[in-house]
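Notes follow the structure.
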Amino acid sequence: NDSLGEKFSVTVIDGLQRDDVRLLAVERMVRQIVINLVGNAVKFTPAGGTVRVGGKRLADGGYEIYFRDSGVGMREDDIAVALTPFGQIANMTGAKHTGTGLGLPLAKAMMELHCGAMSIASTPNQGTTVMLTFPASRVLDDADQIRVA
């Protein structure tokens, strides 16, 4: 969302190719996951920083979407807290941001409903990368047809 990045003076780089892949997924859930992850990345990235979103096909036929920011980052212990419902951590400046503390836990749960996974890699003062991995069974080739019974 450009206006979100503009509000926080963070550059959001959209590297997703819309025609690159088709997923068998609940669109509103995937949309909510993306909104939550981009929102978090922007919120925890200082002014002048960047958030990059991209995706790639995996060797096993799956698909990965990543959200990489140049934000405050987290320690390993902080990641576990952030993935706990209502768990919020103070950022590197000691400030807490407003929110319910449900964004990451809900995103993770919605990925699991799609037989997928969410993982987080982060380093304090260097940023965070969140990866969403959809299994090959959720990636449609051009020849695949969606049949609704």
Side-chain angles (χ1 to χ4, degrees), residues 1-140:
N1 184 328
D2 290 336
S3 62
L4 180 63
E6 290 171 13
K7 176 181 175 186
F8 286 89
S9 300
V10 171
T11 301
V12 178
I13 302 167
D14 180 357
L16 286 173
Q17 301 297 317
R18 297 301 181 272
D19 298 328
D20 189 33
V21 69
R22 290 177 25 216
L23 298 173
L24 180 58
V26 178
E27 182 179 352
R28 81 179 154 73
M29 281 190 188
V30 174
R31 185 181 311 273
Q32 189 62 55
I33 293 167
V34 171
I35 289 168
N36 289 354
L37 296 179
V38 170
N40 273 359
V42 169
K43 188 169 25 173
F44 292 103
T45 298
T50 60
V51 172
R52 180 178 301 274
V53 180
K56 64 180 179 180
R57 278 276 182 127
L58 302 174
D60 67 2
Y63 192 76
E64 178 182 88
I65 302 172
Y66 66 86
F67 304 81
R68 184 172 300 130
D69 67 57
S70 62
V72 297
M74 296 181 279
R75 299 174 311 198
E76 197 68 33
D77 293 347
D78 294 335
I79 294 171
V81 172
L83 287 170
T84 304
F86 306 107
Q88 293 186 339
I89 59 171
N91 70 24
M92 300 308 286
T93 63
K96 274 196 171 186
H97 288 274
T98 59
T100 61
L102 291 174
L104 289 178
L106 284 175
K108 184 175 185 293
M110 286 187 273
M111 279 303 297
E112 290 168 355
L113 287 172
H114 287 88
C115 302
M118 184 178 91
S119 60
I120 301 173
S122 189
T123 303
N125 299 314
Q126 293 184 21
T128 299
T129 301
V130 178
M131 284 87 50
L132 304 177
T133 305
F134 289 89
S137 62
R138 292 287 180 163
V139 179
L140 301 175

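- In terms of the salt bridge (charged side-chain N to carboxylate O under 4.0 Å, His left out) criterion, E76 has no residue partners (sequence neighbours excluded).
- Side-chain atoms of R138 come within 3.5 Å of backbone N or O of L24 as a donor-acceptor pair.
- For S122 (side chain) and M74 (main-chain N/O), a donor-acceptor pair under 3.5 Å exists by modelled atom type.
- Of all heavy-atom pairs between A82 and P105, the closest is O-CD, 3.6 Å.
- Sorted pairs that involve residues 114-130 and meet salt bridge (charged side-chain N to carboxylate O under 4.0 Å, His left out), not counting sequence neighbours, are lacking altogether.
- Here the side chains of V21 and L140 are not in contact, with every heavy-atom distance at 4.5 Å or above.
- Not counting sequence neighbours, the partners of L113 by the side-chain contact (heavy atoms from CB on, under 4.5 Å) test are M29.
- Separating the CE atom in M111 from the CE atom in M131 is a distance of 11.5 Å, to the nearest 0.5 Å.
- With contacts defined as side-chain heavy-atom distances shorter than 4.5 Å, the pair V53/V34 does not qualify.
- Among residue pairs with one or both ends in residues 110-119, those qualifying as side chain to side chain donor-acceptor pair (under 3.5 Å) are K108-E112; sequence neighbours excluded.
- Considering N40, I79, I120 in turn, I120 is the only one that fulfils the side-chain contact (heavy atoms from CB on, under 4.5 Å) rule with V130.
- Within the structure, no pair that satisfies the salt bridge (charged side-chain N to carboxylate O under 4.0 Å, His left out) test touches residues 123-133, not counting sequence neighbours.
- Within the model, atoms OG1 of T133 and CG of L58 stand 6.0 Å from one another, a figure rounded to the nearest 0.5 Å.
- Using a 4.5 Å heavy-atom cutoff, the side chains of I33 and M118 are not in contact.
- Minimum heavy-atom separation, F134 to V139: O-CG2, 4.5 Å.
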Distance-only check: which donor-acceptor pairs under 3.5 Å involve side-chain atoms of residues 64-73, not counting sequence neighbours?
residue, atom, partner, partner atom, Å
R68, NE, T129, OG1, 3.3
D69, OD1, G71, N, 2.8
D69, OD1, T128, N, 3.1
S70, OG, T50, N, 2.9
S70, OG, T50, O, 3.4

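- Heavy atoms only, all atoms of each residue included: P46 and V10 are closest at O-CG2, 3.8 Å.
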